[in-house]
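Report on one structure; see the data block that follows.
Because the structure is predicted, anything quoted here is derived from the model rather than measured. Order of the sequence lines fixes the chain letters, A, B, ..., with proteins taken first and strands second; residue numbering starts at 1 for each chain.
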Amino acid sequence: MKFNFDCSENLEALLVETARSLDEFEGGFEPQIRQADERFGDFQANGVLPRAKKIGKNPREMAQRIIDSLPATEDWEVSLAGPGFINFKLSPDFLLRWVRAFDQPEKIAVSALGQEPKKIVIDFSSPNTAKQMHVGHIRSTIIGESLARLMIFCGHKVIRDNHLGDWGTQFGILLYAIKRENVSLDQLGEDPIAELENLYRKGTAWTKEDESSLEKARKELVELQAGNPENLELWKKIKEISMDSFDAIYEMLGVRFDFAHGESFYRDRVNQVYDSLLEHEICEENEGALVVFHPEHKRFAKQPFIIRKKDGASNYATTDLATLSYRQEEWEAEQIIYVTDGRQRDHFEQLFLTSRKWFKAEKRAIPELSHVWFGTILGEDNKAIKTRDGQPVKLADLLNEAIERASRMVIEKNPELTEDEVTRRAKVIGLGAVKYADLSQDRTLDYAFSWEKLLAMQGNTAPYLQYAVARISSIFRKMADGTTSTIEEARPPQTPHERTLARKLLFFPLALSQTRRDLKPHFLCTYLYELATDFSSFYNHDKVMVEDRPTQGLRILLCLRTKTFLCAGLEILGIETLEKM
RNA sequence: GCGGGAGUAGCUCAGCUGGAUAGAGCAACGGCCUUCUAAGCCGUAGGUCCUGGGUUCGAAUCCCAGCUCCCGCGCCA
């Protein structure tokens, strides 16, 4: 029979079709196809049990009736088990045909789409200018980039937008400090961004000390927002310095943006937001500020969404509304994904509620809005890493340390390599390790910052996956003498390790759709790790370069597909691979 | 106070949205390199899934109550 990339879809369709002719399943049947424990089979259908409960019949009898009605096939064995599970054990021949079929990433990508391509804006990274990126910025950057790659892989059109915090309150203090110290932004020395940060720190201290400094800092901000040329010039310069330092990080991480429209980009659009929301009576004046309440919501009926402060200034709620409007109007976004810290969940919930009302009033199509939030990185004592007091680890330092450690490892394993080659490999390995450490755990969980964790290279880590790829590549290098079998000669999988690996390959589409459904890259990580584990086990038990041509053919095929899937998966995670490690 | 997260092996975490005997990594212990890269493989040990009820064929997962930790809640982002 013909089969899909995701062959659980075939089984599901088959069961639905079969159930249609049986009385007990009148009114539809959801088979609930799941990956099965290997002891029982490859896939299992759990759906009979809830169905039987609903109509008060014996689940085993019902399951048996389905099994009896299934068309005969050589492709799998069906069996009844436990209280009413239906187990499918795929035949070796079927496994072989499936593994043979999906040979190109392009084929996988096409099959993985499963829906119409959409235009998706992904809003991620978004650091504040005038400060260095620290470890707290890693999550949005890494997760956002990975989701962008996932969506592109699945055939969507993606716009990456870095929504810089370049118009906030911090500029009042910074401008004040610059003027008070009388520094020239062109002469900040080797590390200008660090100097800016020092100035900011000094400024903060001063404004805390006395009222008049605070007042002066506020005034600088007002001047800036009013368009004072001197302040605007300084602001521009600060942004340039900041972008240079960000770009260095993005370069290392392999992250690119289509746009970096910061908050400042929308500063002339906030008045439209006020006007329109007032006109449609979505917002109201309250205690001098302009706010939005949502009476239908249990909490936001009382908790306001402040879109204009009582001093008349805009805030991030305003710019976020203006931004959303722009993205729909100019970019025709059909979905917007915001990748931010989980502490902003209230904000985004309010933003989404407000936007839906607003767009409805203006009779505009509202994009699908997704807040992809992640947990906080905590310091030693279980409190969030903060910029102000403690000195969080700088992102650049973390990445350099990762490369450094990987270098030592590479040199230890390959003392003969040139310095350049060591560095090249160390970057792939070290940066891969850091990215994977973040991506491989559920994004909604907080985690404590730990060098040991972020830089680990054994076990469930990127280097382990990269190592599997390198070993496969090594096999292919050794076989490049023309005497090798072709995959057309391959026999079906027989040994336990061949079978386990082939079966795991089959689950790749499930991992992809799971990852896409929840926008959680750790599902993909878990799958890739299991795939690499099954490969490593296979590698240690079944030699590829054997005399028997059908055996060799199969094993080459398994290696080829494992490599393709691992590379495709790692590419989605933003992690590079190496031919040699 | 209101709302939201979290609690699973010594440590760090998975657990496919209610399925079969709860799984990995690290750390510990014992094996495996004259054979395709030992960043690896094989094995041993390790559990009150926070506690107590409930729902049902079946609960780490769902409902209720309680304990502990974290976060958000009027002009920061």
Side-chain angles (χ1 to χ4, degrees), chain A residues 32 34-37 39-40 44 46 49-50 52-53 58-59 81-85 87 126 128 165 168-170 263 286-291 298-300 302-311 313 315-317 319-320 340-347 349 373 375-376 378 382-384 406 409-410 412-414 429 433 437 440-442 444-448 450 452-453 456-461 463-468 470-479 507 510-511 513-514 517-518 522-523 525-527 529-530 533 536-541 543-546 555 559 580-581:
Chain A
Q32 297 186 18
R34 299 288 140 81
Q35 205 170 303
D37 188 304
R39 288 175 306 221
F40 307 125
Q44 63 184 62
N46 297 343
L49 287 140
K53 188 200 285 193
N58 183 323
F85 303 118
N87 289 335
S126 312
N128 291 330
T169 329
Q170 75 265 34
E263 291 166 337
N286 192 290
E287 296 180 26
L290 206 55
V291 307
K298 57 188 169 188
R299 201 154 24 95
F300 302 135
K302 294 268 184 255
Q303 186 178 318
F305 188 53
I306 298 167
I307 61 167
R308 190 175 65 197
K309 304 193 272 187
K310 66 181 167 198
D311 63 5
N315 65 1
Y316 74 127
T319 48
D320 276 356
T340 86
D341 191 289
R343 286 172 292 187
Q344 296 181 44
R345 263 179 300 164
D346 275 4
H347 168 74
E349 210 178 320
W373 59 275
T376 312
L378 308 169
N382 245 18
K383 62 172 191 182
M409 194 79 137
V410 172
E412 188 190 315
K413 311 264 178 193
N414 314 275
I429 294 165
S440 61
Q441 92 169 242
D442 188 324
T444 62
L445 259 57
D446 294 350
Y447 70 82
S450 143
E452 197 188 326
K453 180 193 184 103
M457 298 195 268
Q458 260 111 33
N460 186 1
T461 63
Y464 178 85
L465 306 188
Q466 292 166 326
Y467 188 58
R471 280 171 142 183
I472 295 171
S473 303
S474 176
I475 293 172
F476 292 154
R477 277 197 301 277
K478 302 245 155 126
M479 294 197 126
F507 294 145
L510 275 68
S513 55
Q514 204 180 358
R517 182 192 65 204
D518 290 354
H522 82 280
F523 287 128
C525 293
T526 302
Y527 170 78
Y529 176 65
E530 287 173 0
T533 301
S536 298
S537 196
F538 160 79
Y539 177 91
N540 273 274
H541 290 89
K543 197 166 155 53
V544 177
M545 287 196 278
V546 291
R555 293 181 181 173
C559 287
K580 294 181 186 174
M581 274 177 79

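- Taking atom C1' in both B/G74 and B/A14, one finds a spacing of 41 Å when rounded to whole Å.
- Side-chain contact annotation: A/Tyr464 with A/Ser536, donor-acceptor N/O pair under 3.5 Å present.
- Pairing of B/U12, defined by two Watson-Crick or G-U wobble distances under 3.5 Å, is identified with B/A24.
- Regarding contacts with the backbone of B/C73, every side-chain N or O of A/His347 stays at 4.0 angstrom or more from both OP1 and OP2.
- A heavy-atom distance below 4.5 Å is not found between the side chains of A/Lys53 and A/Pro50.
- With rounding to the nearest 0.5 angstrom, the CD atom of A/Glu263 is 7.5 Å from the CG atom of A/Asn128.
- Among the atoms of the strands shown, none is found under 4.0 Å from any heavy atom of A/Gln170.
- Across all strands shown, B/C69 pairs with B/G5; the Watson-Crick or G-U wobble distances both stay below 3.5 Å.
- Contact annotation for A/Ile472: no contact, since no heavy-atom pair falls under 4.0 Å across all strands.
- Ring-base stacking between A/Tyr464 and B/G40 is not satisfied when judged by a centre separation under 5.5 Å and a plane angle under 30°.
- For A/His541 and B/C33, the NE2 to C1' distance is 15 Å, given to the nearest whole Å.
- Taking 3.5 Å as the limit, the base of B/A20 and the side chain of A/Gln44 contain a donor-acceptor pair of atoms between them.
- For B/G3 and B/C13, the C1' atoms lie 27 Å apart once the distance is rounded to whole Å.
- In this structure, A/Tyr529 reaches the sugar-phosphate backbone alone: every heavy-atom distance under 4.0 Å involves primed, P, OP1 or OP2 atoms, never a base.
- Note on A/Gln344: a base of the nucleic acid sits closer than 4.0 angstrom, heavy atoms only.
- Rounded to whole Å, the P atom of B/C50 lies 8 Å from the corresponding atom of B/U61.
- The partner of B/G30, taking Watson-Crick or G-U wobble pairs whose two distances both stay under 3.5 Å, is B/C42.
- Listed nucleotides: B/C75, B/A20, B/C41. Nearest to the side chain of A/Phe85: B/A20.
- A/Arg345 has no side-chain polar atom (N or O) that falls below the 4.0 Å cut-off from OP1 or OP2 of B/G3.
- The side chain of A/Lys478 lies closest to B/C36, out of B/C36, B/G72, B/G74.
- One can place CG of A/Asn460 at 14 Å from C1' of B/G15, the figure rounded to the nearest angstrom.
- If you take CZ on A/Arg345 and OG1 on A/Thr444, they are separated by 8.5 Å, rounding to the nearest 0.5 Å.
- With distances taken from any side-chain atom of A/Ser537 to the nucleotides B/G74, B/A14, B/C41, the minimum falls on B/C41.
- When heavy atoms are screened at a 4.0 angstrom cut-off, A/Leu510 is found touching no nucleic acid atom at all.
- When the C1' atom is compared between B/U21 and B/G47, the two are found 13 Å apart, to the nearest whole Å.
- To the nearest 0.5 angstrom, A/Asp320 atom CG is 12.0 Å from A/Ile307 atom CD1.
- Note on A/Asp442: only backbone sugar-phosphate atoms sit closer than 4.0 angstrom, heavy atoms only; bases stay farther off.
- Nearest nucleotide to the side chain of A/Asn540, out of B/C41, B/A38, B/G72: B/C41.
- A/Asp518 comes within 4.0 angstrom of a base, heavy atoms only.
- B/U44 and B/U37 are spaced 29 Å apart, taking the P atom of each and rounding to whole Å.
- Side chain of A/Tyr467, nearest nucleotide from B/A77, B/C36, B/U37: B/U37.
- For A/Tyr539 and B/U35, the shortest distance from a side-chain N or O to OP1 or OP2 is not below 4.0 Å.
- Spacing of C1' atoms, B/C2 relative to B/G46, comes out at 42 Å, to the nearest Å.
- Using a 4.0 Å heavy-atom criterion, one finds that A/Ala52 contacts no nucleic acid atom at all.
- The structure places CZ of A/Arg517 at 6.0 Å from CZ of A/Phe523, a figure rounded to the nearest 0.5 Å.
- Here A/Pro59 lies out of heavy-atom contact (under 4.0 Å) with every strand.
- Position along RNA chain B of the nearest nucleotide to A/Ser440 versus A/Thr533 favours A/Ser440 as the more 5'-ward residue.
- With both ends at atom P, the span from B/G18 to B/C62 equals 7 Å, rounded to whole Å.
- Residue-level contact check: A/Asp37 touches neither bases nor backbone, having no heavy atom under 4.0 Å from any strand.
- Among the protein residues, A/Phe40 comes within range of the nucleic acid bases, having at least one heavy atom under 4.0 Å from a base atom.
- In B/C33 the O4'-C1'-N dihedral to the base is within 90° of 0, which defines a syn nucleotide.
- In the set B/A77, B/U37, B/G74, B/A77 carries the atom at the smallest distance from any side-chain atom of A/Asn128.
- Residue A/Lys53 has no polar side-chain atom (N or O) positioned under 4.0 Å from OP1 or OP2 of B/G58.
- Judged by closest nucleotide on RNA chain B, A/Arg34 is the one of A/Arg34 and A/Asp346 placed further toward the 5' end.
- Residue-level contact check: A/Ser474 touches the bases, meaning some heavy atom is under 4.0 Å from a base atom.
- Between the P atoms of B/G53 and B/A59, the separation comes to 14 Å (whole Å).
- Heavy atoms of A/Asn87 sit under 4.0 angstrom from at least one base atom.
- Residues A/Gln458 and A/Met409 approach most closely at NE2-CE, 3.7 Å, considering heavy atoms.
- Side-chain N/O atoms of A/Lys298 include one lying less than 4.0 angstrom from OP1 or OP2 on B/G4.
- Taking atom CG on A/Asp446 and atom P on B/G7, their separation rounds to 11 Å, with Å as the unit.
- Going from atom CD of A/Glu412 over to atom P of B/A38 covers 14 Å, rounded to whole Å.
- For A/Asn46 and B/G18, a side-chain-to-base donor-acceptor distance below 3.5 Å is absent, hydrogens and geometry of angles not being considered.
- A/Gln303 comes within contact range of the sugar-phosphate backbone alone, with a heavy-atom separation under 4.0 Å but no base atom that close.
- In terms of heavy-atom proximity, A/Met479 sits nearest to A/Met545 at CE-CG, 3.2 Å.
- Contact annotation: A/Lys453 does not reach the phosphate of B/C11 (side-chain N/O to OP1 or OP2, under 4.0 Å).
- B/U35: glycosidic angle beyond 90° from 0, hence anti.
- In plain terms, the two heavy atoms of A/Asp446 and A/Gln441 that are nearest each other are O-OE1, 4.0 Å.
- Taking the six-membered ring where the residue is Trp, A/His347 and A/Phe305 present tilted rings, their angle falling between 30° and 60°.
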